[in-house]
Amino acid sequence: MKDYQRDFIEFALATGVLRFGEFTLKSGRISPYFFNSGLFNSGATLARLGRFYAQAISESKLDYDVLFGPAYKGIPLASTTVVALADQHDRDVPYVFNRKEKKDHGEGGQLVGAELKGKVLIIDDVISAGTSVGESVDIIRAAGAHPAGVIIALDRQERGQGELSAIQQVEQTHKIPVVSIICLNDLLSYLQDHPNLQKYLAAVKSYREQYGV
Ligand SMILES: O=P(O)(O)OC[C@H]1O[C@H](OP(=O)(O)OP(=O)(O)O)[C@H](O)[C@@H]1O
Ligand SMILES: O=C(O)c1cc(=O)[nH]c(=O)[nH]1
């Protein structure tokens, strides 16, 4: 695990975004941990979050022209990440997001921001079943652009409907890479290294044994 990934886990724990307990997921599974990105909810935390995404994107060597943030949570993620890419990585990346409901007055339409063209990197917090990525890919293709990949914060590395994880399924279905700032394995090694958190290790390990890929 790289230093920035360790820092990201500490940041997510300190903000309460990453928690341990008993959480019901979209899939209906009961998970011993949960990542609630809605709690990156202040100027300072959002700015810092953008720097983590920007670093993960830079290290990934993904090739892209524009960032797409799917409504709603993808919108602040795209905004803060392009700011960080400009400030820290000397790249002025255009960004665009969609409205969940089409606007029929004023400038109208479903898309807001830069033109959706070229190689498009989708940014989101997590992938559960892959529905949101599928919808983003449809929007991107309908505009005549090309999906270049997906960047998310946490890869839970758990099975979807079959043997593959939802993320592996997304990669296979849409033929695009999915990159994450951290994954479940990173979280497990962090727990192992921190005696005050080891009380959560057994539950997370047993969840991974049951549902992990
Ligand atoms: O892989 P999936 O099964 O699509 O689940 C993941 C998506 O679900 C959540 O957003 P949601 O669709 O609830 O919309 P929101 O951003 O408005 O909260 C999350 O932010 C992802 O976008
Ligand atoms: O699978 C989910 O529903 C899910 C898991 C998680 O850690 N965070 C989240 O927002 N959704």
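We count ligands from 1, going down the list as the structure has it; atoms in each ligand are counted the same way. In this text the structure is predicted, and so the values were computed from the model without any measurement.
A side-chain N or O of Glu10 and one of Tyr190 form a donor-acceptor pair less than 3.5 Å apart.
Nearest protein heavy-atom neighbour of atom 3 (O) of ligand 1: Ala129 N, 2.8 Å.
Both tests hold for Arg156 against Tyr33: distance to the six-membered ring centre under 6.0 Å, angle to the ring axis within 45°.
Looking at Val150 and Val179, their side chains never come closer than 4.5 Å, going by heavy atoms from C-beta outward. Side-chain contact between Ile30 and Tyr207: absent, with no pair of heavy atoms (C-beta onward) separated by less than 4.5 Å.
Here Thr131 has heavy atoms under 4.0 Å from ligand 1 in both its backbone and its side chain.
Applying the side chain to side chain donor-acceptor pair (under 3.5 Å) test to pairs two or more places apart or on separate chains, those with a residue in residues 71-90 are Ser58-His89. Applying the side chain to side chain donor-acceptor pair (under 3.5 Å) test to every pair with at least one member in residues 131-153, sequence neighbours left out, gives these pairs: Asp124-Ser132.
Under a 4.0 Å N-O distance rule, the pair Lys2/Glu59 qualifies as a salt bridge.
Listed by number with element, the atoms of ligand 1 under 4.0 Å from a non-hydrogen atom of Ile127 are 1 (O). Taking a cut-off of under 4.0 Å to the non-hydrogen atoms of Asp124, the atoms of ligand 1 that pass are 20 (O), 21 (C), 22 (O). Short contacts between ligand 1 and Tyr72, defined as distances under 4.0 Å to a heavy atom of the residue, involve ligand atoms 15 (P), 16 (O), 17 (O). The distance from ligand 1 to the heavy atoms of Val126 drops below 4.0 Å at these ligand atoms: 6 (C), 21 (C).
Residues satisfying the side chain to side chain contact (heavy atoms under 4.5 Å, CB included) criterion with Gln157, sequence neighbours excluded, are Asp155, Cys183, Leu184, Asn185, Val213.
Note: Phe8 and Tyr4 fail the aromatic proximity criterion, with ring centroids not under 6.0 Å apart.
Any N or O atom pair closer than 3.5 Å counts here, and Val133 shares no such pair with ligand 1. Between Gly130 and ligand 1, at least one N/O pair is under 3.5 Å apart.
Using a 4.0 Å cutoff on heavy atoms, Pro70 does not count as a contact of ligand 1.
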May I have the N/O to N/O pairs between ligand 2 and the protein that fall below 3.5 Å, each with atom names and distance to one decimal?
{"unit_1": "ligand 2", "atom_1": "1 (O)", "unit_2": "Ser128", "atom_2": "OG", "d": "3.0"}
{"unit_1": "ligand 2", "atom_1": "3 (O)", "unit_2": "Lys26", "atom_2": "N", "d": "2.9"}
{"unit_1": "ligand 2", "atom_1": "7 (O)", "unit_2": "Phe35", "atom_2": "N", "d": "3.0"}
{"unit_1": "ligand 2", "atom_1": "7 (O)", "unit_2": "Arg156", "atom_2": "NH1", "d": "2.9"}
{"unit_1": "ligand 2", "atom_1": "8 (N)", "unit_2": "Phe35", "atom_2": "O", "d": "2.7"}
{"unit_1": "ligand 2", "atom_1": "10 (O)", "unit_2": "Phe35", "atom_2": "O", "d": "3.3"}

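Without hydrogens or angle criteria, Ser42 side chain to Thr45 main chain gives a donor-acceptor distance under 3.5 Å.
For atom 12 (O) of ligand 1, the nearest non-hydrogen atom from the set Glu135, Lys26, Lys73 belongs to Lys26.
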